[in-house]
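Here is the structure we will look at.
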Amino acid sequence: MEVVAPFPPKLGSLEGKKVFLAAATLRPETMYGQTNAWVLPDGKYGAFEINETDVFILSERSALNLAFQKFSRIPEKPTCLLEISGHDLIGLPLKSPLSLNKIIYALPMVTILMDKGTGIVTSVPSDAPDDYINLHVLKTKPAFRQKYGVKDEWVLPYEIIPIINIPEFGDKSAETVCKDMKITSQNEKEKLTEAKQKTYLKGFTEGTLLVGEYAGMKVQEAKPLIRNMLIETGEAIMYSEPEKRVMSRSGDECVVALTDQWYITYGEAEWKKLAEECLSSMNLFSDETRHGFEHTLSWLNQWACSRSFGLGTRIPWDEQFLVESLSDSTIYMAYYTVVHLLHNGDMYGGSTSIKPEEMTDEVWDFILCSGPYPESSKISPSILKQMKQEFQYWYPFDLRVSGKDLIQNHLTFSIYNHTAIMRREHWPLGFRCNGHLMLNSEKMSKSTGNFKTLRQAIEEFSADATRFSLADAGDGVDDANFVSETANAAILRLTKELAWMEEVLAAESSLRTGPPSTYADKVFLNEMNIAVQLTGQNYANYMFRDALKTGFYDLQAARDEYRLSCGAGAMNRDLLWRFMDVQTRLITPICPHYAEHVWRELLKKDGFAVKAGWPVADPPDLQLKSANKYLQDSIVLMRKLLQKQLFGSKKTNKKGTPTPAPSASLSEAKIKGLIYVNEQFEGWKADCLNVLKSKYDKASHSFAPDSEILNALKETSDEVSRDFKKMQKICMPFLKFKKDEALSLGVHALNLKLPFGEIEVLRENLDLIKRQLELEDVEVLSASDPASVSKAGTLASLLQQSPPSPGNPTAIFLV
């Protein structure tokens, strides 16, 4: 934006030169709607020589960037002719490219960031919420104008110019969104950021230009045309800067330099299509990783692949340049397949008959791309054939593990370059991306002392405890957290497990022999089968924390529950030996040294645990697992009911005193438990479940609208329809509960009965229930049998207060 002469006294030393306020923008298509320019009143600006005639007024930081982009009279060294403050720029008359206003003025904006752009901002209040609000404040608050010496004629005559029509927001999108969001001040930063996101995105994707020679064209089509037009006419230049502040290791702030270099055009349409095809068939192990690659493919275009200094490989066709590190080694996995032949089996580079210069493009084409045999090659035909066989045997690679920060460059380059060079059958099959590693919930940093090397961790905790804590640190793209307490706890837990196994092995003669026969035996065996299946899945998905949970923690919890369930009766020897075998195999990938010790020293097995293979297991019995969960949950529920009957409720009555126990004579000695079960939902609850089941869509895993469900419920039974308004209030909580349960557990949650016999499960475990609740006797009864209900005597009323339902038995305790 050119400053119109005559210059004010502060700029007097610049007379005779063409002076510009250099505003940076990402939206050249909006320049038609400029009403003013913005400067930071307290900002520090400079007048920098661009060439012999032109001077740009902008921040020192942006001038330094420009100097390295060949916009400075002295290359790479900005020349400041005059230092000036933002206050001195307010009121400058300007001529700005494309503006429908012939003259606009520089006005104050207190929210400008001097470390972003040039410190000069062009104002388009029709489409920029920040511009709209700031101009509105200046227009409506004379005191604000007076504070900064702003004259009325610089502001009041300037109205919003409609330049872009957005279907949702009209032709004054910033005004519309600000009014909708009730934004009234430039200090409402969060709201303004949200408003900007709305208008900028919609403006680009759906907006239509209303003015200029590209009127009627979609903004996303007109934008590059207008940018090129401004550059070609000399009314604008290309400017680049780091996305955020970047500091070098020397402590200097980095700039963007314009240098001669080579680019790879990754965004080329046909090539991009191949990359997207490759990505669609890859296993990325998480949606977040896939979204990251998809986003990168959407914006990645030209990428500078060369640099002029540092370590690296020379670009073959222009050896003054090196391949920059992110562009290098994107298909190096292919080199692994033949490296042993090139290095004579020595990873450090042994002598070989093949010379580097003999690995020509024709040879690599033959090996990697199924190209013609290189007749001119001096390499032995048998070796060439072997190299090709090795590559075709090992490729494509199944998995590459890398950091999430490389998704937006190096890993996406790998996809592109594989599709460019190799046949489809050799495209990569999977990437597993992970986050960084924290130490005790804080970022690792040498400067703060929160830092630990692998050697230090091994010396402090041992290799296996370190691996245990690393496995527990977390998976996925979130940063993992190595916790020292977990490593220390692992040492204790593994040591305790060794002691338990030694104790069991020493007491072998006291264990019960024969095949698994009791309910507890069957449950324990089933839990081991579940652990084998789930842990295998978790390892396959590289979810090591989950593998540690299912293959160690959950397995030990099942063992402890089994030990408790057996009571005075001995545990089954074969099951315990099976447990020790399975647990050792499942923990081997995480704690190999511990596993080998158990395998050979305690279990006296031949060979190595790491070579023993994955344990063979029967398919899990999910119905048995559900039945056991029901049993354990029922015991917890009955314990609470017993405490309530023994000591009364902790809740107070209306007088503020605790509710007394139902039976004052009930004591903890010689108590009998009556467990009442209702194995099927009846009445209005059955009606609710039948309606929900009919209104559940298995394909979309969703229910019909509530209104449709209620209309169907209204037509069920007389119990419901007789006084539907009253029943609706009763039914709604139950409907919501069962809907949520079905969405989380599956449609079987809507069945009228559980998939197993509740009475059968409870009766099979009477001994366990008696021991757990310390009861003299226990009886399991049907709540629908009047004779059984009569056994509760005066306490039968409790069945009315807490009626049993499928999955929720009610217990009454008697002396």
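- No hydrogens or angles considered: a donor-acceptor pair under 3.5 Å links the side chains of N628 and E561.
- Salt bridge annotation for E741-K736: absent, with no cationic side-chain nitrogen under 4.0 angstrom from a carboxylate oxygen.
- A heavy-atom distance below 4.5 Å is not found between the side chains of E527 and L555.
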_Verdict with supporting geometry, D785 and S782, side chain to side chain donor-acceptor pair (under 3.5 Å)_ = CA-CA 6 Å; D785 179 19; S782 171; over 6 Å; no
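- Residues M571 and R563 have side chains in contact (heavy-atom distance under 4.5 Å, counting atoms from C-beta outward).
- By the 4.5 Å heavy-atom criterion applied to side chains, K640 and V636 are counted as neighbours.
- In this structure a side-chain-to-backbone donor-acceptor pair under 3.5 Å is present from D621 to L624.
- Taking 4.5 Å as the limit, some side-chain heavy atom of I530 sits within range of a side-chain heavy atom of K625.
- Heavy-atom neighbours of E425 CD from other residues, nucleotides or ligands within 6.0 Å: above the threshold of 12.
- Side-chain contact, N538 with K549: no donor N or O sits under 3.5 Å from an acceptor N or O.
- Using a cutoff of 4.0 Å between basic side-chain nitrogens and carboxylate oxygens, D479 and K404 are scored as salt-bridged.
- Under a cut-off of 6.0 angstrom, the local environment of CD in Q392 is crowded, with over 12 non-hydrogen atoms contributed by other residues, nucleotides or ligands.
- The CZ atom of R455 sits 6.0 Å away from the CD atom of E459 when rounded to the nearest 0.5 Å.
- Using a 4.5 Å heavy-atom threshold, the side chains of Q772 and R639 count as touching.
- Panel note: side chain N808, backbone P804; no donor-acceptor pair is recorded below 3.5 Å.
- Side chains of I407 and F431 form no contact here, defined as non-hydrogen atoms less than 4.5 Å apart.
- A donor-acceptor pair under 3.5 Å links the side-chain atoms of T588 to the main chain of T584, judged by distance alone.
- The shortest non-hydrogen separation linking L743 to S702 is CD2-CA, 4.4 Å.
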Original post:
What's the verdict on ring pair (Phe, Tyr, Trp, His ring centres under 6.0 Å) for F468 and F552, showing C-alpha distance, side-chain angles and the deciding distance?
Top reply: CA-CA 11 Å; F468 190 103; F552 188 73; 5.6 Å; yes
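- Without hydrogens or angle criteria, N572 side chain to L575 main chain gives a donor-acceptor distance under 3.5 Å.
- When all heavy atoms of N481 and S441 are compared, the closest pair comes out as OD1-N, 2.6 Å.
- Although no hydrogens or angles enter the test, the distance criterion places no donor-acceptor pair under 3.5 Å between the side chain of D398 and the main chain of G430.
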* Where do L762 and Y630 land on the side chain to side chain contact (heavy atoms under 4.5 Å, CB included) test, with the steps shown first? -> CA-CA 9 Å; L762 294 172; Y630 164 80; 3.5 Å; yes
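- Using modelled atom types, no side-chain atom of S469 and backbone atom of A465 make a donor-acceptor pair closer than 3.5 Å.
- The CZ atom of R763 lies 8.0 Å from the CG atom of L766; values are rounded to the nearest 0.5 Å.
- The shortest distance between side-chain heavy atoms of M333 and S414 falls below 4.5 Å.
- Note on ring orientation: taking the six-membered ring where Trp is involved, the planes of Y335 and H343 are perpendicular (angle over 60°, cut-offs 30° and 60°).
- Ion pairing between R512 and D521 holds under the 4.0 Å rule for side-chain N and carboxylate O.
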inquiry  = side chain to side chain contact (heavy atoms under 4.5 Å, CB included) for E774 and I671? Distances and angles first, verdict last.
reply    = CA-CA 8 Å; E774 299 180 2; I671 300 173; over 6 Å; no
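- We find that K605 and D581 are joined by a salt bridge, their nearest charged nitrogen and carboxylate oxygen being less than 4.0 Å apart.
- The environment of CG in D606 is sparse: at most 12 heavy-atom neighbours from other residues, nucleotides or ligands sit within 6.0 Å.
- Residues satisfying the side chain to side chain contact (heavy atoms under 4.5 Å, CB included) test with N488, not counting sequence neighbours, are F461, I491.
- Closest approach of R771 and C566 over heavy atoms only: NH2-C, 4.0 Å.
- With respect to the salt-bridge test (charged N to carboxylate O, under 4.0 angstrom), the residues R545 and D475 do not qualify.
- Counting heavy atoms from C-beta on, the side chains of L781 and L674 come closer than 4.5 Å.
- Atom NE2 of H340 sits in a crowded spot, with more than 12 heavy atoms from other residues, nucleotides or ligands closer than 6.0 Å.
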- Task: Test E601 against E596 for side chain to side chain contact (heavy atoms under 4.5 Å, CB included), laying out the working first.
- Result: CA-CA 8 Å; E601 302 300 325; E596 296 299 345; over 6 Å; no
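- The shortest heavy-atom contact between S445 and F451 is O-CB, 3.8 Å.
- Under the side chain to side chain contact (heavy atoms under 4.5 Å, CB included) criterion, A612 pairs with R585, W599, sequence neighbours left out.
- Shown here are the side chain to side chain contact (heavy atoms under 4.5 Å, CB included) partners of Y332, two or more places apart in sequence or in another chain: S329, Y336, R400.
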Before you tell me yes or no, could you show the steps for R559 and Q583 under side chain to side chain donor-acceptor pair (under 3.5 Å), namely the whole-Å CA-CA distance, both residues' side-chain angles and the distance that decides it to 0.1 Å?
CA-CA 11 Å; R559 185 271 317 276; Q583 180 178 253; 5.7 Å; no
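- When all heavy atoms of V778 and I769 are compared, the pair lying nearest together is CG2-CG2, 4.1 Å.
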Step by step, would you call M580 with V598 a side chain to side chain contact (heavy atoms under 4.5 Å, CB included)?
CA-CA 9 Å; M580 289 186 284; V598 172; 5.6 Å; no
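- Rounded to the nearest 0.5 angstrom, T337 OG1 and H426 NE2 are separated by 9.5 Å.
- Open room surrounds CH2 on W394; 12 or fewer heavy atoms of other groups in view lie less than 6.0 Å from it.
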**Request:** Take S802 and T810 through the side chain to side chain donor-acceptor pair (under 3.5 Å) test and state the conclusion after the steps.
**Result:** CA-CA 7 Å; S802 301; T810 294; 5.6 Å; no
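- Rounding to the nearest 0.5 Å gives a distance of 11.5 Å between CG of L642 and CG of L637.
- Between F681 and F734, the ring center distance clears the sub-6.0 Å criterion.
- Salt bridge absent: R578 and D574 never bring a charged side-chain N and a carboxylate O closer than 4.0 Å.
- K443 NZ to H436 NE2: the interatomic distance, rounded to the nearest 0.5 Å, is 8.5 Å.
- With hydrogens and angles disregarded, no donor-acceptor distance shorter than 3.5 Å links the side chain of N541 to the backbone of M543.
- Checking side-chain atoms of D777 against main-chain N and O of G673 turns up no donor-acceptor pair under 3.5 Å.
- Here the shortest heavy-atom pairing between Q680 and N678 reads O-OD1, 3.0 Å.
- R467 places a side-chain N or O within donor-acceptor distance of the main-chain N or O of P589, the cut-off being under 3.5 Å.
- Using a distance-only test at 3.5 Å, with no hydrogens or angles considered, a donor-acceptor pair links the side chain of K738 to the main chain of A749.
- Side-chain contact check for N434 and Y542: no donor-acceptor pair (N or O, by modelled atom type) lies under 3.5 Å.
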